[in-house]
A.B. asks: 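Got a structure here, written out as structure tokens. Questions coming.
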Amino acid sequence: AQSVTQPDIHITVSEGASLELRCNYSYGATPYLFWYVQSPGQGLQLLLKYFSGDTLVQGIKGFEAEFKRSQSSFNLRKPSVHWSDAAEYFCAVKNDNAGNMLTFGGGTRLMVKP
Amino acid sequence: DSGVTQTPKHLITATGQRVTLRCSPRSGDLSVYWYQQSLDQGLQFLIQYYNGEERAKGNILERFSAQQFPDLHSELNLSSLELGDSALYFCASSPVGTGNTEAFFGQGTRLTVV
């Protein structure tokens, strides 16, 4: 069965600093990968997705992620973090063989210091 | 705004009771998914419906059931509620049952069982 690991439960960065959130997946076939963000009291908003093609994908709010098949990773990056980026971030993989459901990682809570 | 509407936003009920959570998918989306987010289990897939038919099942308890109606809205029924059922329940929708399309999430229903 597929699985997603987000090794960092909490990350704190200073405003303006760069950010990288780690995501590792376990999946036999070509994965469909996603990053979602959940702000306090809000639903899940899609930041970006990877289905195929260019391994560096651009998303909303200035985020990008790079798919590395050799490392089974799909890390999320942002060059300069804003205070409004404080939220919980979830990496997910879609299992197309089982009806399209998502398997989520445990999430990484990002705190931004002024 | 994702276009997915969930009602109610908050629900407080007693153990042993039964509740119904409602989801209206984005216009034109045929697939509806239900997820549970809890502190100990994280985000877990419960069940998927596609055009009125059950498509996939995840870690859904026997006390829980769902259905999708001809107008494509869906309801998640939770019965014989226990304290451990307290969680945020998300509904998501996508245009099709499989394939490389993302799911759009509602804002969730927070269920508190007391």
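Note: hydrogens, waters and symmetry copies are ignored here, and every other heavy atom, side chains too, is used. Sequence lines set the chain letters: A, B, ... in the order given, protein chains first and strands last, and positions in each chain run from 1. Given the structure is predicted, the values throughout are model-derived calculations rather than measurements.
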A.B. asks: Against chain A, label B/Ala103 side chain, backbone, both or neither, depending on which of its atoms sit under 4.5 Å from a heavy atom there.
C.D. replies: both
A.B. asks: Between A/Gln45 and chain B, which part of the residue has a heavy atom less than 4.5 Å away: side chain, backbone, both or neither?
C.D. replies: neither
A.B. asks: Could you check whether atom CD1 of A/Ile9 has more than 12 heavy atoms from other residues, nucleotides or ligands sitting under 6.0 Å from it?
C.D. replies: no
A.B. asks: Out of curiosity, does A/Tyr36 fall in the hydrophobic cluster containing B/Val32 (side-chain heavy atoms, cut-off under 4.5 Å, transitive links)?
C.D. replies: no
A.B. asks: Does B/Leu39 CG have over 12 foreign heavy atoms under 6.0 Å away?
C.D. replies: no
A.B. asks: Nearest 0.5 angstrom please: A/Leu46 CG to B/Phe104 CZ, how far?
C.D. replies: 7.0 Å
A.B. asks: Determine whether more than 12 heavy atoms belonging to other residues, nucleotides or ligands lie under 6.0 Å from atom CZ of B/Arg26.
C.D. replies: yes
A.B. asks: Contact part of B/Ile47 toward chain A, heavy-atom cut-off under 4.5 Å: side chain, backbone, both or neither?
C.D. replies: neither
A.B. asks: If you count heavy-atom pairs under 4.5 Å between each of B/Gln37, B/Gln41, B/Gln6 and chain A, which one has the most?
C.D. replies: B/Gln37
A.B. asks: Heavy-atom count around B/Leu61 CG within 6.0 Å, excluding the residue itself: above 12?
C.D. replies: yes
A.B. asks: Taking the side chain as everything from C-beta on, heavy atoms only, tell me whether A/Met101 gets closer than 4.5 Å to B/Tyr35.
C.D. replies: yes
A.B. asks: Would you say A/Tyr50 and A/Tyr89 are hydrophobically clustered, going by side-chain heavy atoms of ILVMFWY under 4.5 Å?
C.D. replies: yes
A.B. asks: Using 0.5 Å steps for rounding, measure from the CZ atom of B/Phe105 to the CG atom of A/Leu102.
C.D. replies: 5.5 Å
A.B. asks: Hey, what do you get for CD (A/Glu88) to CG (B/Leu43), rounding to the nearest 0.5 Å?
C.D. replies: 8.5 Å
A.B. asks: Please report the closest heavy-atom contact between B/Glu102 and A/Phe34, naming both atoms and the distance.
C.D. replies: CB-CE2, 3.7 Å
A.B. asks: Are B/Leu46 and B/Val4 linked, directly or through other ILVMFWY residues, by side chains that come within less than 4.5 angstrom of each other?
C.D. replies: no
A.B. asks: Nearest heavy-atom pair of A/Gln42 and B/Phe90: which atoms, and what distance?
C.D. replies: O-CZ, 4.1 Å
